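Following: one structure in structure tokens, then a few remarks.
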Amino acid sequence: MEFKRISSQKISEKVEEQIVRLIKEGSYQQGDKLPSVRELCESLDVGRSAVRDALTTLKGRGLVEIRQGEGTFVTGFNPKRYFKHMLMPNQKEIESLFQVREILEASIVKLAAVNRSENDLMAMRKALNHMSVCKYDESGQHDCQFHMAVANATGNPILHQLLESISSSMEKSMADFHRLIASKPELIHDIHHQHELIMEMIVCEDASGAYEAMMLHLSYVKKQMRKGFSIRSEYIQTH
């Protein structure tokens, strides 16, 4: 277990990279205490400010925990802690996160189709029933519950946690989108039909069909969000 001396610019980033490398290699595992700031300075031949900046960044990424009077400890990757720092202020960033969502939910729905239990199906149906019999929920709560029920049906808690974290990051922008849906009955009808199709494929244990249904749904939602951004941009430019 050796640190490499640093002589290039962006010192704190280089310090960060080395600590991440050692964590990835398993030299430091979850729960392990890192060397003190003084020890890191000596090992890396850098100043205290560079080490402190690197540790602060790693803390923000959720990779370490700094305990006052005790030291710095490896926490491992926590997606909730990582994604909560992401802001979605513009269309480009929403598009990027939607790409992640498409990749993630495409895998989720295929696993759900082969691993789902009767309880999972009941949870999905409960969310769908709320969306169909109630006035459309502008918060998108039941929509989110449906997607989380699908994720839970995979039997993989990490996939569930990742989707929950991404959904949390998109919460504000999706709230705007759900308000748009609530004002347009045709959108409510289309999205509910898409959810029903996803559910049907999962019930039939049709992984490829579930994949196609999910991709169709996400593509539709992304298209409608683009329209929403376009309308908002035009309004800002003319007022």
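Everything quoted here is computed from the prediction, not taken from an experiment.
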Exercise. Please determine which of His193, His147, Glu105 meets the side chain to side chain contact (heavy atoms under 4.5 Å, CB included) test together with His217.
Key: His147
Is there a chain of hydrophobic side chains (I, L, V, M, F, W, Y, each step under 4.5 Å between heavy atoms) that links [X] to [Y]?
X: Leu111; Y: Val100; result: yes
X: Ile108; Y: Val203; result: yes
X: Ile66; Y: Val20; result: yes

Self-check item: Charged N-O contact under 4.0 Å between Arg21 and Glu17
Solution: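 The answer is no: the pair does not qualify as a salt bridge.
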Looking at [atom1] of [X] and [atom2] of [Y], how far apart are the two atoms once the value is rounded to the nearest 0.5 Å?
X: Phe146; Y: Leu128; atom1: CZ; atom2: CG; value: 5.0 Å
X: Ile198; Y: Glu212; atom1: CD1; atom2: CD; value: 12.0 Å
X: Gln29; Y: Phe73; atom1: CD; atom2: CZ; value: 15.0 Å
X: Glu42; Y: Leu40; atom1: CD; atom2: CG; value: 9.5 Å
X: Leu187; Y: His189; atom1: CG; atom2: NE2; value: 11.5 Å

Heavy-atom pair of closest approach, residues [X] and [Y]:
X: Thr57; Y: Glu16; value: CG2-OE1, 3.4 Å
X: Thr154; Y: Ala112; value: CG2-N, 4.0 Å
X: Val51; Y: Cys41; value: CG2-SG, 3.8 Å
X: Ile158; Y: Asn156; value: N-OD1, 2.9 Å
X: Ala210; Y: Ala113; value: CB-CB, 4.3 Å
X: Ala153; Y: Asp120; value: CA-OD2, 3.4 Å

Exercise. Kindly determine whether Leu121 and Met199 satisfy side-chain contact (heavy atoms from CB on, under 4.5 Å), including the steps that lead there.
Key: CA-CA 8 Å; Leu121 296 178; Met199 171 87 182; 4.3 Å; yes
Give a yes or no on whether the backbone of [Y] and the side-chain of [X] come within a donor-acceptor separation of less than 3.5 Å.
X: Lys33; Y: Glu70; result: yes
X: Ser219; Y: Met215; result: no
X: Thr75; Y: Leu63; result: yes
X: Asn152; Y: Ala149; result: no

State, yes or no, whether a side-chain contact exists between [X] and [Y] at a heavy-atom distance under 4.5 Å.
X: Met214; Y: Glu102; result: no
X: Gln145; Y: Met148; result: no
X: Phe98; Y: Val221; result: yes
X: Glu200; Y: His195; result: no
X: Val37; Y: Leu55; result: yes

Quiz item: Counting only heavy atoms not in Tyr211, do more than 12 sit closer than 6.0 Å to its OH atom?
Solution: no
Quiz item: Going by atom types only, do Thr56 and Asp53 share a side-chain donor-acceptor pair under 3.5 Å?
Solution: no
